[in-house]
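What follows is a short report on a single structure.
A note on names: the letters A, B, ... follow the listed sequences, proteins ahead of strands, and every chain is numbered from 1. As the structure is a prediction and not an experimental result, all values here were calculated from the model. Computed from heavy atoms alone, side chains included, the values below leave out hydrogens, waters and symmetry copies.
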Amino acid sequence: MSSDRTGLGRPPAPAVEVDDRLTEQWPDARCELDFTTPFELLVATVLSAQTTDVRVNQVTPELFRRWPGPAGLAAARQEELEQVLRPLGFFRAKATSLRGLAAALLEEHGGDVPADLDALVRLPGVGRKTANVVLGNAFGIPGITVDTHVGRLARRLGWSTEKDAVKAERDIAAVLPRERWTMACHRLIFHGRRVCHSRKPACGACVLADLCPSYGVGETDPEAAEALVKLPE
DNA sequence: ATCCCGAGGG
DNA sequence: CCCTCTGGAT
């Protein structure tokens, strides 16, 4: 049938209804990185790769106390920066990356964070995901952040079949109203972390079950109801 | 063992 | 497409 664009045997879940339900279930969904300026969010997001936001929030106060802006960070000593970033993992790469990012901000943007997707992505160490996080959460410009959760849920919901994040972003943009983009991604991430897990999703505890073309597909978590109770935060 | 809201390079 | 960079929590 033509409504089955998912290869899942059922039509895609209606995006606005999905977002409304997730809004109700996760009213506190938001950016969980602590920041006060676009610069701080940019740095925190770069640091968040393969680490929890909680851990990033544990190092950024010290980081921004020692190096409050791009000028200081660009001039930071590598070893000193590495020590502060050590708990995050990838600390050598992240220290190098931050210094390069700070230098590029100074040289190319006078120390300001550009409020523009293409300009952000051109900065070293800034990919599309980071750029969209900064746009959406520091500048209020709608952005779709396709991380591992958003990509997986978009595929399960039948919004996209793409593994490639840029293509998935295009597909999500086609079904979700622009003004919802930023917050809908936070909700999808919350839902992905708590219910729609990568392995054995808790379909039995999912408020989207009746809408989801992937409901019951593959192995699901039999203790779904309990899993929801002991979820973090 | 496996998982964390990734990016750059081969 | 794959691999690497890395540590801490569970």
* Asked: Hey, does Phe35(A) have a side-chain heavy atom less than 4.5 Å from the side chain of Thr45(A)?
  -> no
* Asked: If we take the P atom in both dC3(C) and dC3(B), what is their distance in whole Å?
  -> 16 Å
* Asked: Is there side-chain contact between Ser97(A) and Val46(A), with at least one heavy-atom pair below 4.5 Å?
  -> yes
* Asked: How long is the line joining CD of Gln83(A) and P of dT6(C), in whole Å?
  -> 13 Å
* To do: Begin with the C-alpha distance, continue with both residues' side-chain angles, and end with the deciding distance and a verdict on salt bridge (charged side-chain N to carboxylate O under 4.0 Å, His left out) for Glu82(A) and Arg86(A).
  => CA-CA 6 Å; Glu82(A) 287 180 3; Arg86(A) 179 173 290 274; 5.6 Å; no
* Asked: With distance as the sole test, does Arg99(A) use its side chain to make a donor-acceptor pair with the main-chain N or O of Ala76(A) at under 3.5 Å?
  -> yes
* To do: Give, ordered by number, those residues of residues 38-69 of chain A having at least one heavy-atom distance below 4.0 Å to an atom of DNA chain B; if nothing qualifies, reply none.
  => Ala49(A), Gln50(A), Thr51(A), Asp53(A)
* Asked: If the P atom of dG8(C) is compared with that of dA7(B), how far apart are they to the nearest Å?
  -> 22 Å
* To do: Evaluate salt bridge (charged side-chain N to carboxylate O under 4.0 Å, His left out) for Glu62(A) paired with Arg65(A), printing each intermediate quantity in order.
  => CA-CA 5 Å; Glu62(A) 170 75 359; Arg65(A) 187 185 66 73; 3.3 Å; yes
* Salt-bridge contact Glu108(A)-Arg122(A) (side-chain N to carboxylate O under 4.0 Å) -> no
* Using the C1' atom in both, what is the distance from dT2(B) to dT6(C), to the nearest Å? -> 15 Å
* Structure fact -> Assign each of Val126(A) and Lys129(A) the nucleotide of DNA chain B bearing its closest heavy atom; nearer the 5' end lies the nucleotide of Lys129(A)
* Asked: Is there a donor-acceptor pair under 3.5 Å between the side chain of Thr51(A) and the backbone N or O of Ala49(A)?
  -> yes
* Assign Val146(A) to base, sugar-phosphate, or nothing according to its heavy-atom contacts below 4.0 angstrom with the strands shown. => nothing
* For the side chain of Thr130(A) and the backbone of Val126(A), is there at least one donor-acceptor N/O pair under 3.5 Å apart? -> no
* **Phe90(A) CZ to dC5(C) P, straight-line distance once rounded to whole Å** => 9 Å
* To do: Decide side-chain hydrogen bond (donor to acceptor under 3.5 Å, both in side chains) for Glu79(A) and Gln83(A); before the verdict, give the C-alpha distance in whole Å, the side-chain angles of both, and the deciding distance to 0.1 Å.
  => CA-CA 6 Å; Glu79(A) 303 74 36; Gln83(A) 282 312 110; over 6 Å; no
* Nearest-angstrom distance, C1' atom, dC5(C) to dC4(B) -> 14 Å
* **Between C1' of dT6(C) and CG of Leu81(A), the distance in whole Å** => 15 Å
* Give me the first and last nucleotide of DNA chain B, going 5' to 3', that has any atom under 4.0 Å from a heavy atom of chain A. => dC3(B) to dG8(B)
